[in-house]
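Numbered from 1 within each chain, the chains take letters A, B, ... in sequence-line order.
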Amino acid sequence: MKSQTLTYREALRIAIEEAMNADERVVLLGEDVGNYGGCYAVSKGLSETFGSNRIIDTPLSESGFVGAGIGAAIGGMRPIVEIMTVNFSLLALDQIVNNAATIRHMSGNQVSIPLVIRMATGAGKQLAAQHSHSFENWYAHVPGIKVLAPATVADARYMLGMALKDPNPVMFFEHVMLYNESAAIPMPEDCPDMCSALVRQTGTDISLVTYGGSLPKALEAARQLAQQNVSVEVIDLRSLRPLDTGTLFRSVEKTHRLIVVDEGWRTGSLAGELCALVAENCFWSLDAPPIRVCSEEVPIPYPKHLEDAVTPQVAKIVEAVLGLLKQEIVS
Amino acid sequence: MKSQTLTYREALRIAIEEAMNADERVVLLGEDVGNYGGCYAVSKGLSETFGSNRIIDTPLSESGFVGAGIGAAIGGMRPIVEIMTVNFSLLALDQIVNNAATIRHMSGNQVSIPLVIRMATGAGKQLAAQHSHSFENWYAHVPGIKVLAPATVADARYMLGMALKDPNPVMFFEHVMLYNESAAIPMPEDCPDMCSALVRQTGTDISLVTYGGSLPKALEAARQLAQQNVSVEVIDLRSLRPLDTGTLFRSVEKTHRLIVVDEGWRTGSLAGELCALVAENCFWSLDAPPIRVCSEEVPIPYPKHLEDAVTPQVAKIVEAVLGLLKQEIVS
Amino acid sequence: MQTDISKKHTDINKIHMDIAHIKFLFKQMLRIRRFEEKCAELYTQEKIRGFLHLYIGEEAVAVGIMQALKPEDAVFGTYREHGHALARGLSMDKVMSEMFGKVTGSSRGRGGSMHIFDVEKQFYGGNAIVAGALPLAVGLALANKMQNKKNVVVCFFGEGAVAEGEFHESLNLAKLWHLPILFVCENNGYAMGTALAISESEQHIFRKAQSYGLAAHAVDGMNVVEVESAASQYCNSIRNGDGPCLLECKTYRFRGHSMFDTQLYRKADEVDEWKSKGPIKKLKRWLEANDKLSADELIEIEDEVAAEINQAIVFAEGSPLEEISDLYLGVYAEEES
Amino acid sequence: MQTDISKKHTDINKIHMDIAHIKFLFKQMLRIRRFEEKCAELYTQEKIRGFLHLYIGEEAVAVGIMQALKPEDAVFGTYREHGHALARGLSMDKVMSEMFGKVTGSSRGRGGSMHIFDVEKQFYGGNAIVAGALPLAVGLALANKMQNKKNVVVCFFGEGAVAEGEFHESLNLAKLWHLPILFVCENNGYAMGTALAISESEQHIFRKAQSYGLAAHAVDGMNVVEVESAASQYCNSIRNGDGPCLLECKTYRFRGHSMFDTQLYRKADEVDEWKSKGPIKKLKRWLEANDKLSADELIEIEDEVAAEINQAIVFAEGSPLEEISDLYLGVYAEEES
Ligand SMILES: Cc1ncc(C[n+]2csc(CCOP(=O)(O)OP(=O)(O)O)c2C)c(N)n1
Ligand SMILES: Cc1ncc(C[n+]2csc(CCOP(=O)(O)OP(=O)(O)O)c2C)c(N)n1
Ligand SMILES: [Mg+2]
Ligand SMILES: [Mg+2]
């Protein structure tokens, strides 16, 4: 089998298709996943293949259909629930936190909820303040669920299948700016376990840690910095819960410096958690303060220049890296 | 006027009463605030005084009545919305995040939303996994709202009034274990601005930072540690957004060590944010890693011994402080 | 076609039921009543902690409904679910132990009064978010339908839950997807201290359900025979593939909302009036009037119930607490499914 | 007593209305139509970005409703709200500039197409969370009632929004609290690609509203006169203190849901059929048939509209972007209220 080139969107679709072919219990449900083809066109064509009994268009009722997905998982199905974007997932948060994440433990380990909840996240499409946010950090806070953020086409292709095989509720975040990315797909055996972080580029001067839609920016920043003889190690978390702290700490112990790039608002961001973890666990290895490049703390505005000013950009990352290296020399 | 001794609960009631007497635009709305007297009895008797037009019992519809509170604020009222507990606030989170926090900015600064949303939070009453959590960190993440956590009777007495005078949406968290605490009330002028952190006890060896229901535990730990000649500075954040980083940083620059106590789950906790802030801004002052005492990452169980095992306790805090002081000596 | 049973009045005096079965119903209600009276006592002794919501006065609803179910049918209860659990056939030992927070409890003691689970009995809690279980029940019914299982899902909730958006979303989904589910509204007139008139602009809950196209009507929830009869007919209709139904059971809780309730929102008269219509009292009177229950028999039943309760307390008292080292057990599943 | 206007059919051919007013309605609808046709063009030129939801085909609803309102009444729109904004009297310059993301826009350019606000015009957005504005509108109506203001609040939403829990909670609150609010459901048959039959078990939205006790009925949303007439009667009733009402306007969007929509979910025939019933076409035909609109007049109106649009584009093009240094302006209020 030759390696295929796919878009991130196509990779997701193939992953869904594959899972549905392999396991009758897998169904896809959400708003406009069927007749419309998915609001980001991920499920286009699937309802023709699998019929409206397995590709289920739901009414606008996020709490209702996410809860129904949880109930269907309890009843022996393997549902994939699509919420159009993380912004609307707030309407279903009670179901996710108080039911999906909680019932197994609270019932004394009796009830299994094998479920994948997929959703788009992030800014970049000028969709303004109610459609552009990133709440992955909130989900990463909740015990009882796993949280994935595939940042590459290969991960889109394979992590969804892994998520579906996992017996726990898994939240699956697809950054809106990734859907059109394309890349050649490796063999399945070359895709590591969904909960491990990956060193996307090795380096020695600084660890640049990120996930999801910020990975391409981090890699580009690393490329530009290489030209200035700064050797950046880029780590892609992939899983936001559990966090692969082993990979994170090993990298920081090698480079002695950490910058986290995270599209969430700074205060209370996942980036803060990573800085705290490193400060707590690698304190004696650090040669400089762990810092973060996050979004400005404003509701994300519509115009391009403001949206860009709010969210992390390559130039900001480069600047942060250079600033941190300089700070160390000064002190 | 002689200083009064009040419970935390009474202090809140008097604050509401005072605000309602002073300003006709103030109304209280929420589930069972009227006929029942409030699920934690804060508003007991108020409906007799002010009538059901100003103490408004709402149906069980958190999204609906919180949204209605936001709309009423837009329409010129000064509503106090009571949500029974933070656990149920998830049902209203969309209204809070996408409307209350967002509309002013998104509308180009046209719309004012002067609103206070009060709710109980935290564990300790054996109410199990759907009634015991702390999501203050989530609210502290959101630009456009302010977030307060009064930890003392005096703050309960005066911060609510300040919150009502603030022209922004303010979230107001009342830890369930505080309602029965009682104390003498200072004069209003002795209650500092709602957004400043307070040094509740000065010390030189370590900064112990906390808020809300964990303050009494931190103070008790400090007392016990004093007997072992450890001098602990205890800081009460009071405001979780904005964070008074000045007070925080000054303390750490003096003590060179930080422990944060926070009843939220560790990963993605507000404690993590504080550790990250300190690591970022006071790195060169730190003599030891900033660490945190948080809740275990499990849905909070019903039995007392497990609930206690999950949440921060005095003994754990003392142990963490002693451990941190030792760690430094070893290194 | 949906079976319309709203017209058939099932009068306790007219229905033809096996006397043995009626006595069984009586005993089931009594088990719940005496169990909860004991729980109230144990609460004041601080053996039971947290929130304790008693079902006293409403026993006919749980007992009546459960008669219509088969072992493979599933039940979702509320936080006022001791009655649901016992009527469903959970062992009283496990339920009591759960309230004591012991590891032999139905949820290893982790859930307490509000989170009694027993998957073997297809009993899915114990949910303390008002209306939070409705979407789950809809989903389980969806799973059953997709797997061509003929099982019924029953979901209990109070009339207060009807105001929540989840009620609306769930009923709409259930009807749109034509699901095998019976919604049971326990209309006891109050949501904590909030009277129905304050929480619903349309106070006939069954009419609200009809506005989604569900077959729905109201019954006297103090009459166990009427509840059973209505539930049986709806369950038959559901098993026939006729889609979701809602049964509104008009009932009353004789005690406060929870142990903390001072009940300022209602008059003693009103409570007394309802007590005089109590489901156990009513059935006992009928049995006695018809010479179906001798004084001796009654004593025997009471004794059996008391013995079961005492045994449950002994069991709970004697059971160990969960080890703190097992705290993380079941946060996540251990292996792949 | 609630005014029941559901029986009074308002036929465009029978109603007695001032011709000048009818021409005004015609021009308002044309302004929206031409404005949006231009927006579609500007979108392909990438002058307008993000999501752009066109109202084309539905103009009679916004224009009809707004005639019933006074300046002090408040309006909550959807993300498909250019029509609401223009009909409400917002300056086209500001609306266009908003879509260009310029600081002279109605929301300083921060909101774009989905978040047009103008508090002076009592126009409260532009809300992109489906059904998210309903509770706000209820709250504003509550504030009006508490302050003894006789103002009406109007809240627009699509038929898709009806499935959300917020619809249910909001209608219940509005009726319980007897609030001065008019809910306007723009039933265009689809929520994105989801046909009404897939989203609602009860497809008559007005009946759903009746189940909360609201006065409600459906009108031909392609007939601006009928919409105006119904809205006026409801607004009178609301001003009389008769409580909340809901008007279902049956309409259709001629274009895709947004600019990304490939419209696989509906047939071209269906679209064509509705286009033949278009609100502008219909009114134009009637005016012409009755010799009320000469060819010259039509050209004049078209020219005026075109001039207004061109002017708006010039204004938007010429306006500056917001300074990045002002990014934090309005995250919080600057002073105490
Ligand atoms: C979402 C949510 N809001 C509020 C509460 C607090 N609460 C618990 S029970 C209850 C009343 C529910 O009344 P009803 O549905 O009629 O059931 P009943 O208690 O009468 O059986 C309330 C308000 C809750 N548990 N969940
Ligand atoms: C809570 C929420 N869920 C989903 C969406 C995505 N979405 C935007 S518009 C829309 C369809 C709404 O349909 P309808 O209410 O009928 O209004 P219409 O677009 O037809 O005017 C959807 C699903 C959203 N914006 N908000
Ligand atoms: Mg009730
Ligand atoms: Mg629509």
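For chain B, the nearby part of C:Glu166 is the side chain; its heavy atoms alone come within less than 4.5 Å. When heavy atoms are compared at a cutoff of 4.5 Å, C:Phe167 does not approach chain B at all. With a threshold of 4.5 angstrom between heavy atoms, C:Thr262 approaches chain B through side-chain atoms but not through N, CA, C or O. Looking at B:Lys304, neither its backbone nor its side chain comes within 4.5 Å of chain C, counting heavy atoms on both sides. With a 4.5 Å cut-off on non-hydrogen atoms, C:Leu52 does not touch chain B at all. Residue B:Leu91 touches chain C through its side chain alone, counting heavy-atom pairs closer than 4.5 Å. Residue contact with chain B, scored on non-hydrogen atoms closer than 4.5 Å, is absent for C:Ala195. For chain B, the nearby parts of C:Met192 are the backbone and the side chain; heavy atoms of each come within less than 4.5 Å.
When every heavy atom of B:Glu296 is checked against every heavy atom of C:Tyr328, the shortest pair comes out as OE1-OH, 2.7 Å. When every heavy atom of C:Ser199 is checked against every heavy atom of B:Pro59, the shortest pair comes out as O-CB, 3.5 Å. Contact between C:Ala163 and B:Ser61 at its shortest, heavy atoms only, is O-CB, 3.7 Å. Of all heavy-atom pairs spanning B:Leu60 and C:Ala191, the tightest one is CD1-CB, 4.0 Å.
Between C:Arg266 and B:Asn35, every side-chain heavy-atom pair lies at or beyond the 4.5 Å cut-off. Counting heavy atoms from C-beta on, the side chains of B:Lys125 and C:Arg49 never come closer than 4.5 Å. For the pair B:Tyr302 and C:His115, the minimum side-chain heavy-atom distance is 4.5 Å or more. Side-chain contact between C:Val331 and B:Glu297 is absent, with no heavy atoms from C-beta onward closer than 4.5 Å.
In this structure, SG on B:Cys39 lies 11.5 Å from CG on C:Asp261, to the nearest 0.5 angstrom. Note that CD of C:Gln263 and OH of B:Tyr36 are 8.5 Å apart. Values are rounded to the nearest 0.5 Å. Summarising the geometry, atom OH belonging to B:Tyr40 is positioned 8.0 Å from atom CZ belonging to C:Phe260; distances are rounded to the nearest 0.5 Å. Distance check, rounded to the nearest 0.5 Å: CD1 of C:Ile129 to CD of B:Glu62 gives 8.5 Å.
Considering only heavy-atom pairs separated by less than 4.5 Å from chain C, the leading option among B:Glu31, B:Gln130, B:Lys44 is B:Gln130. Of the listed residues (C:Leu321, C:Val130, C:Val162, C:Asn127), the one with the most heavy-atom contacts under 4.5 Å to chain B is C:Leu321.
The neighbour count for C:Lys47 NZ, taken as heavy atoms of other residues, nucleotides or ligands under 6.0 Å away, does not exceed 12. Residue-environment remark: CD (C:Glu323) stays at or below the threshold of 12 foreign heavy atoms within 6.0 Å. Within a 6.0 Å sphere centred on NZ of B:Lys316, other residues, nucleotides and ligands contribute more than 12 heavy atoms.
Panel note: side chain B:His305, backbone C:Glu322; a donor-acceptor pair is recorded below 3.5 Å.
For the residue pair C:Thr194 / B:Asp32, a side-chain donor-acceptor distance below 3.5 Å is found, with atom types taken as modelled.
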